[in-house]
Each structure stands twice: as C-alpha cells, then as structure tokens.
Amino acid sequence: MDKQSYLPVQPGVGMEDNFLSLDDILLSHQRLPIRTECVFPRLGFLEKSTDTQDIPLGTKMELPLWLSKGLYERKRKVLSVELPKMYREGWRTVFTADPNVVDLHKMGPYYYGLGSQMLHFDSPENPDIAQTLLQTFIGRFRRTMDSSQNAYNEDTSALVERLDCLEKALFRSGQSGLNGFQSWEKGQASQLTASNLVLNYRKRKITDLQP
Amino acid sequence: MDPSEVEFLAEKEVVKIIPNFSLDKVYLIGGDLGPFNPGLPVDVPVWLALNLKQRQKCRIVPPDWMDVEKLEEMRELERKENTFTPVPSPYYMELTKLLLNHASDNIPKADEIRTLVKDIWDTRIAKLRLSADSFITQQEAHAKLDNLTLMEINTIRTFLLDSLNCMYKLRSNLQPGSSKGQFTDY
C-alpha cells in the first residue's frame, strides 16, 4: 500500500480554482495568446521585440492565465484572449471524432483545467468548449479505468504518458484500489511494515547544513 | 476503506464448527456462544472459529455454498446473466480466503473452490467495470447496486467517486454561472 504522508489539495477542475492546490497554481502559469485592446503606457520595456515606451493597442503577446484573468474585464476592454489551438474548432472536431488517440499530456498537460478556465473569457464558442471537454472526458474514461485497474506490478509510465494531469490523478486512485486488493489477496495486508515516514527519516547534521 | 477492514467485518459472519473440547456457554457483548461439547456442531463467528482451528481445538464445517457443484452452477449463471446474480454470502470472497487459508484440510476440493470463486469474482468485476463505463457514458445520475458485495464496491470506490466528481464539475461548466458563489474553504 502506498499511503501518502500528506493529503494534497485536489485541483478545482471547474471554473473555480483551489487556491492551495499545486496543480491549480501550475495551471495558472499556462500562457495564453492575447491581444491588447488599449494602450499600456510606460510598459514597453516588458515587450522585448519593440523599443517603444508604451505597449501600443493591438499588440499580440502571451500572458500567463493568472494575469489575463486579472486584467480581463467584460465592460472595459483591456485585452482580448484568443483561444489556444487545442480548444479551437479544428481540434474540437478531432476530440469529438476519437478522444482516445490524442496525447493530452502534450496538449495540456492541464487540458481540462485550462479549458474550464477559458470559460471565464467571453466567447461565442464557450458552450461548445464545455461540451467538448465533457465528451472528451467521457470518451477517455473507459481507457483510463481499464488501464488503471489492470496494470498490476508493471511499469505504468507508458500508460500514463498520454494522460492529462486530472486523468493521472484518477489513474493513481484506481491503482491504489487495485494494489490494496491484490496485497490483501496475497496476505500482505496482515503483515506489519514500518511506516514510510520512519524509513525515510534521517537526522540532519549541522555540518551538512552549514556551508 | 482498506480491504483488511472489509475482512474484519467479514469475520463477524457465523460458521459451524465441531469442537473437540467441552466448555460452558461463553457470554460476550456480541452474543452468547456455546455451550461447546466434543463432536456436537455449534455456530460461532469466523474469528473464533479460526482461532480455535489454529489451536487445533475444532474442525470447521464449510458453509453450504462452499461446494464445487453449487459454485460451478453460480459461475455459469454469472456468465450468462448481464446483471449481477445474487451471491451466497455478502462476504463470499473474504470467507473463501480466510477459510481456505486457515482450514483447507477441513474443506473438500479446496483448490477447485479457490479457482471457482476467483472466476466468479473476475466475472463480476468485469461486469462492474462495464456498468461503471455505461454509467459514465450515458451520464446517469443514480444507479442501483443490487447484489454487489462490499469488497467489490471497495475496489472501485475511490476511482469511481473521483471520476464522478470530475464529471460533475465538467458538467457544471455547461451551465455558466451555476458554480458561482460556492467555494471551498481550507
């Protein structure tokens, strides 16, 4: 049994993100292509490609999700966010055709999380994006379930490499169920073992810490 | 829930033993046991039966369903039906493992029984996975878990609950504004 010594905060998945979830923090650093809708005075030094003092209207650049979310306003247009390519019409057709062939880790790795966050920005395509996210999850569910419930005592890296971060977490919970059952069946569950915390515990020496 | 906890619950099931010692009635919180007389069958919980067996103080009488013919019949029925068939005991898997591991000398054809029960288990788990998949694809809201045992539910519980959670959140994306105003506090 692989018991974790601490309980990580789960990602929020939907439109709300969890402040303390490490996955959601990493997710908020994903870059989004944006276009400025007004002049950003005296911020030209941020944009390395030009020497102007201001960032002019209509500049295209990439900003992290957290900044785009903060700057985005419905009433006063500061910037407009363009959809990353995997949420556009073309890729959506691919996902609807067969969600199993897509390498979501390469696409994402936070495909579902980022997709849900994209719904914060007004776009006529929003309902379609939400629908595609749901259908992709449903379409890939069977494979995630079967691989997580059948891979016992083998190298799972080939199975998880194409999974999104969310699916990886699901895969792990499926594996813990399987491993728990198998170790019980083999009679390992009744043996007492030392806690991981004790095994990994090392006393730090002051001489190691001081340079 | 850990499988060993499920096993613990299974140890409360009653099994028949034939003791080879004599003892008056024992009064326990869970109920009265005995009296024990050599050669006279008596009903005791599995934990006591195993303990007595380990000290070679009794012979365990296997439950009625732990019989090759009955199990073969069950296996065929389980394979034929699309739904889950009723199981002989809510703890059939745990009892088979406990009794066969500790008292295989009292159970005729122990190896065959072990294989049969494992076959039944595998068929049922495959069905469980199939129904979980159709549950997700059809986006159902509820399901009846008739004839499923605790151990079977337990193997898939975390995975299914986590995926349903994700699916719920992805579904609530479809109605904008529905997830507003609710946030979790840590």
Side-chain angles (χ1 to χ4, degrees), chain A residues 1 3 9-21 112-113 115-120 122 126-127 129-139 141-146 148-150 166-167 169-190, chain B residues 1-8 10 93-94 96-98 101-102 114 117-118 121-122 125-126 128-130 132-139 151-186:
Chain A
M1 284 291 289
K3 284 270 168 61
V9 178
Q10 295 299 312
V13 186
M15 285 177 75
E16 302 291 325
D17 46 357
N18 276 348
F19 185 73
L20 291 176
S21 158
Y112 300 109
S116 310
Q117 292 295 319
M118 291 309 292
L119 303 176
H120 281 290
D122 267 338
N126 276 357
I129 296 176
Q131 189 64 40
T132 316
L133 288 180
L134 181 62
Q135 291 304 332
T136 312
F137 180 79
I138 291 171
F141 173 77
R142 179 76 209 229
R143 226 175 64 163
T144 320
M145 175 169 69
D146 281 351
S148 76
Q149 298 277 302
N150 281 320
L166 189 75
E167 291 169 338
L170 287 181
F171 185 87
R172 273 197 298 275
S173 59
Q175 283 265 290
S176 75
L178 176 75
N179 287 337
F181 175 73
Q182 293 286 355
S183 71
W184 168 78
E185 205 182 22
K186 285 186 183 168
Q188 286 166 350
S190 51
Chain B
M1 217 170 155
D2 203 80
S4 46
E5 289 169 299
V6 184
E7 188 187 71
F8 179 78
M93 190 68 189
E94 299 89 311
T96 314
K97 192 204 157 210
L98 285 171
N101 278 3
H102 293 101
R114 202 189 291 265
V117 170
K118 185 76 185 145
W121 167 269
D122 284 341
I125 287 293
L128 181 60
R129 242 178 258 163
L130 200 70
D133 182 48
S134 63
F135 182 72
I136 293 275
T137 3
Q138 289 161 21
Q139 301 188 32
M151 189 60 108
E152 287 158 355
I153 298 172
N154 202 44
T155 49
I156 205 168
R157 179 187 282 126
T158 33
F159 181 77
L160 195 58
L161 289 187
D162 285 357
S163 2
L164 287 179
N165 221 352
C166 291
M167 202 175 76
Y168 163 71
K169 280 169 177 163
L170 291 175
R171 263 173 89 168
S172 59
N173 280 344
L174 289 176
Q175 293 111 24
S178 61
S179 62
K180 289 279 150 54
Q182 44 165 282
F183 59 91
T184 22
D185 215 357
Y186 286 101

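- Taking both residues in full, the closest heavy atoms of Ser176(A) and Thr158(B) are given as OG-OG1, 4.3 Å, listed atom of the first, atom of the second, then distance.
- In this structure, Phe141(A) has its ring center under 6.0 Å from that of Phe159(B).
- Note that CG of Asp2(B) and OG of Ser183(A) are 7.0 Å apart. Values are rounded to the nearest 0.5 Å.
- In this structure the side chain of Glu185(A) reaches within 4.5 angstrom of the side chain of Lys118(B), judged on heavy atoms.
- Shown here are the side-chain hydrogen bond (donor to acceptor under 3.5 Å, both in side chains) partners of Asn101(B), two or more places apart in sequence or in another chain: Arg114(B).
- Contacts of Gln139(B) with chain A are made by side-chain atoms alone, with heavy-atom separations under 4.5 Å and no backbone atom involved.
- Interatomic distance, Gln149(A) CD to Thr155(B) OG1, rounded to the nearest 0.5 Å: 6.5 Å.
- Here Leu174(B) contributes atom CG and Asn126(A) contributes atom CG; the two are 11.0 Å apart, rounded to the nearest 0.5 Å.
- Both the backbone and the side chain of Leu170(A) come within contact range of chain B, each with at least one heavy atom under 4.5 Å from a heavy atom of that chain.
- Using a 4.5 Å heavy-atom cutoff, the side chains of Leu130(B) and Arg142(A) are in contact.
- Using a 4.5 Å cut-off between heavy atoms, Met93(B) contacts chain A through both its backbone and its side chain.
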Handout entry: Working for side chain to side chain contact (heavy atoms under 4.5 Å, CB included), residues Arg129(B) and Asn150(A)
Key = CA-CA 11 Å; Arg129(B) 242 178 258 163; Asn150(A) 281 320; 3.3 Å; yes
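- Residues in residues 151-167 of chain B take part in these salt bridge (charged side-chain N to carboxylate O under 4.0 Å, His left out) pairs, two or more places apart or across chains: Arg124(B)-Glu152(B).
- The part of Leu160(B) that comes within reach of chain A is its side chain, from C-beta onward, which places non-hydrogen atoms under 4.5 angstrom from that chain.
- No donor-acceptor distance shorter than 3.5 angstrom exists from the side chain of Lys169(B) to the backbone of Ser116(A), with no hydrogens or angles considered.
- Rounded to the nearest 0.5 Å, atoms CG (Leu133(A)) and SG (Cys166(B)) are 12.0 Å apart.
- The CG atom of Asn173(B) lies 12.5 Å from the CE atom of Met118(A); values are rounded to the nearest 0.5 Å.
- In this structure, no portion of Glu167(A) lies under 4.5 Å from any heavy atom of chain B.
- Taking CD1 from Ile138(A) and OG from Ser163(B), the interatomic distance works out to 11.0 Å, rounded to the nearest 0.5 Å.
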